[in-house]
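See below for the structure under consideration.
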Amino acid sequence: MSVASAGEIIWVLGIVAWYVIRYPFERRAKRVHVVRNARSRSDTLGLASALFGLAVLPAFYVATGIPKAADYPASAWAIALGAIAFCCALWVFRRSHKELGRNWSITLEIREKHELVRSGPYALIRHPMYTSFLLISVAQAFLIANWVVGVAGLIGFAILFFLRVNKEERMMLENFGPQYRTYMESTKRIIPYIY
Ligand code: SAH
């Protein structure tokens with residue numbers, strides 16, 4: 001097996017593991033009543049960009065090898081780093097889902113009896129789930145030896161993150177008031193102690 005296809009196989013396994021972690025939360029979320037919805041057209045655009053850059057385009061590339069002109073030689077080091085980044089991403093993703101529990105939503109929503117979670121990864125950063133998406137984008141760039149696919153994940157992530165993060169924090173502030181303000185003072189957004 002070539003180094004390049006090893007990277008692609010690790011990417012596929014990572015995405016499957018990602019869905020296995022998410023699926024039970026998606027099912028459970030359907031049963032928890034939503035009391036406030038800040039879903040907007042820009043949020044749908046952000047989700048679509050992330051889906052395209054982090055799933056559709058790399059899956060298409062793995063299946064067809066297109067765009068071949070953007071391929072570059074894969075390195076075993078890059079693949080190893082990508083595998084490590086994906087493992088970290090899945091760990092953070094699982095931890096933050098467990099911690100958010102019934103408060104999780106795919107878009108911006110406040111659920112019935114919504115509680116502000118400040119434990120686990122949320123003690124350090126306000127958006128660990130987005131941190132896990134950033135790590136998956138980095139993993140994709142290392143695992144798939146193609147410039148277009150490598151960059152697409154990071155762009156998809158950036159569009160989702162920057163379209164959403166201010167709105168999400170505004171929604172949380174409107175809902176939780178001073179409690180969220182204090183929480184913001186003691187945490188960063190996606191990189192502990194830095195940003
Ligand atoms: N931005 C968070 C959560 C993403 S899921 C993260 O990256 O980990 C999006 C939903 O999570 C939003 O609808 C919001 O209602 C909820 N949410 C975000 N931060 C929260 C927190 N600290 N406690 C409880 N719910 C939160």
Sequence neighbours excluded - ring pair (Phe, Tyr, Trp, His ring centres under 6.0 Å) pairs with any residue from residues 24-59
Phe25-His97
Ignoring hydrogens and angles, tell me if any N or O in the side chain of Arg111 forms a donor-acceptor pair with the backbone of Trp104 under 3.5 Å.
yes
Point-to-point distance, once rounded to the nearest 0.5 Å, from [atom1] of [X] to [atom2] of [Y]:
X: Glu168; Y: Phe161; atom1: CD; atom2: CZ; result: 9.0 Å
X: Ile9; Y: Leu143; atom1: CD1; atom2: CG; result: 11.5 Å
X: Thr131; Y: Arg95; atom1: OG1; atom2: CZ; result: 13.0 Å
X: Met171; Y: Thr107; atom1: CE; atom2: OG1; result: 8.0 Å
X: Leu100; Y: Leu116; atom1: CG; atom2: CG; result: 9.5 Å
X: Glu8; Y: Ser2; atom1: CD; atom2: OG; result: 7.0 Å

Using the rule that Ile, Leu, Val, Met, Phe, Trp and Tyr join whenever any side-chain heavy atoms are under 4.5 Å apart, tell me whether [X] and [Y] fall into a single cluster.
X: Ile125; Y: Leu134; result: no
X: Val138; Y: Val12; result: yes
X: Val165; Y: Leu124; result: no
X: Leu154; Y: Leu135; result: no
X: Met1; Y: Trp11; result: no

Are side-chain heavy atoms of [X] and [Y] found at a separation under 4.5 Å?
X: Ser42; Y: Lys167; result: yes
X: Trp91; Y: Ser132; result: no
X: Leu160; Y: Ser49; result: no
X: Phe86; Y: Ile136; result: yes
X: Lys113; Y: Val32; result: no
X: Tyr122; Y: Met129; result: yes
X: Asp71; Y: Tyr61; result: yes
X: Met184; Y: Arg126; result: yes

salt_bridge(Arg36, Glu174) N-O dist < 4.0 Å:
yes
Other residues, nucleotides and ligands only: do more than 12 of their heavy atoms fall within 6.0 Å of [atom1] on [X]?
X: Tyr195; atom1: OH; answer: yes
X: Arg102; atom1: CZ; answer: yes
X: Glu115; atom1: CD; answer: no

Hey, what else clusters with Ile159 if you join Ile, Leu, Val, Met, Phe, Trp, Tyr whenever side-chain heavy atoms sit under 4.5 Å?
Leu45, Val151, Ile155, Leu163
Could you go through Ile106 and Arg22, starting from their C-alpha distance and side-chain angles, then the distance that decides it, and tell me whether this counts as side chain to side chain contact (heavy atoms under 4.5 Å, CB included)?
CA-CA 10 Å; Ile106 190 157; Arg22 163 140 294 176; 4.2 Å; yes
Heavy-atom closest contact ([X] atom, [Y] atom, distance):
X: Gln140; Y: Val149; result: NE2-O, 2.9 Å
X: Ser137; Y: Gly153; result: OG-O, 3.5 Å
X: Val148; Y: Ala70; result: CG2-CB, 3.6 Å
X: Ala139; Y: Ala85; result: CB-CB, 3.9 Å
X: Leu108; Y: Asp43; result: N-OD2, 4.1 Å
X: Val20; Y: Pro24; result: O-CD, 3.3 Å

Exactly one candidate in Arg189, Lys188, Glu169 meets side chain to side chain donor-acceptor pair (under 3.5 Å) with His127; the answer is Glu169
Is there a donor-acceptor contact under 3.5 Å linking the side chains of His114 and Glu109?
no
Can you classify the ring geometry of Phe93 versus Trp18 as parallel (below 30°), tilted (30 to 60°) or perpendicular (above 60°)?
parallel
Assess the residue pair Ser105 and Arg39 against the criterion (side chain to side chain contact (heavy atoms under 4.5 Å, CB included)); give the C-alpha distance rounded to whole Å, side-chain angles, the decisive distance to 0.1 Å, and a yes or no.
CA-CA 11 Å; Ser105 286; Arg39 187 178 210 149; over 6 Å; no
Side chain to side chain contact (heavy atoms under 4.5 Å, CB included) for Gln179 and Tyr183? Distances and angles first, verdict last.
CA-CA 6 Å; Gln179 203 190 349; Tyr183 174 58; over 6 Å; no
CA sep, side-chain torsions, deciding dist, call: Val34, Ile110, side chain to side chain contact (heavy atoms under 4.5 Å, CB included)
CA-CA 6 Å; Val34 173; Ile110 296 293; over 6 Å; no
